Amino acid sequence: MGRDAIADIITSIINDGMGKNGTIRIISTNITESIVKILLREGFIENVRKHQERNKYFLVSALRHRRARKGIYRTILKRISRPGLRIYSNYKKIPKILGGMGIAILSTSRGIMTDREARLERIGGEILCYIW
């Protein structure tokens, strides 16, 4: 069985939200690079750099935290489509997360994009995850 790159990103972000480290380190693949670019563009992470160790590339990024109650920092992610159960949607039925405050990341025929971009281009695809 192969590794699930999207689950690795989600787990890294959730674990960083619990700790106070502030940086996450993810193995660099085409999927992870495009998801990290979306998170950077949408303002969930602050910066990204590519780091090499022993012939492997890693993406190192710093999360931008939002303060919740009692000093807890939270970025909430929910995995929708997974290797055992794929979830697809056409552009008319892509859900709006928190009334447009959050984003859904989709894998489409034109690459990985947000729900807003998919609605504008009128294409559907596999719903990878929700972020808010």
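Note: hydrogens, waters and symmetry copies are ignored here, and every other heavy atom, side chains too, is used. What you see is a predicted model; the values in this text were computed from it and never measured.
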Any link between [X] and [Y] through a network of hydrophobic side chains (Ile, Leu, Val, Met, Phe, Trp, Tyr) touching at under 4.5 Å?
X	Y	value
I38	I31	yes
L98	I76	yes
L39	I10	yes
L128	M113	no
I14	L63	yes

Can you check whether [X] reaches [Y] side chain to side chain, under 4.5 Å on heavy atoms?
X	Y	value
P95	I127	yes
F44	I13	no
R25	S12	no
I97	K78	no

Residue pairs involving residues 110-121 (criterion side chain to side chain donor-acceptor pair (under 3.5 Å); sequence neighbours excluded): R41-E117, E42-R116, R110-E121
How long is the span from the [atom1] atom in [X] to the [atom2] atom in [Y], to the nearest 0.5 Å?
X	Y	atom1	atom2	value
I112	E126	CD1	CD	9.0 Å
H51	Y57	NE2	OH	11.0 Å
I9	I105	CD1	CD1	8.0 Å
K92	R122	NZ	CZ	7.5 Å
R79	T11	CZ	OG1	9.5 Å

Closest heavy-atom contact between [X] and [Y]?
X	Y	value
G111	T108	O-OG1, 2.6 Å
I80	Y130	CD1-CE1, 3.4 Å
S28	K50	OG-CE, 3.4 Å

Flag, side chain of T32 to backbone of I27, donor-acceptor distance under 3.5 Å: yes
Donor-acceptor under 3.5 Å (S81 side chain, I87 main chain): yes
For V48, side-chain contact (heavy atoms from CB on, under 4.5 Å) partners two or more places apart: V36, L40, I45, L59, S61
N30 CG: over 12 foreign heavy atoms closer than 6.0 Å: no
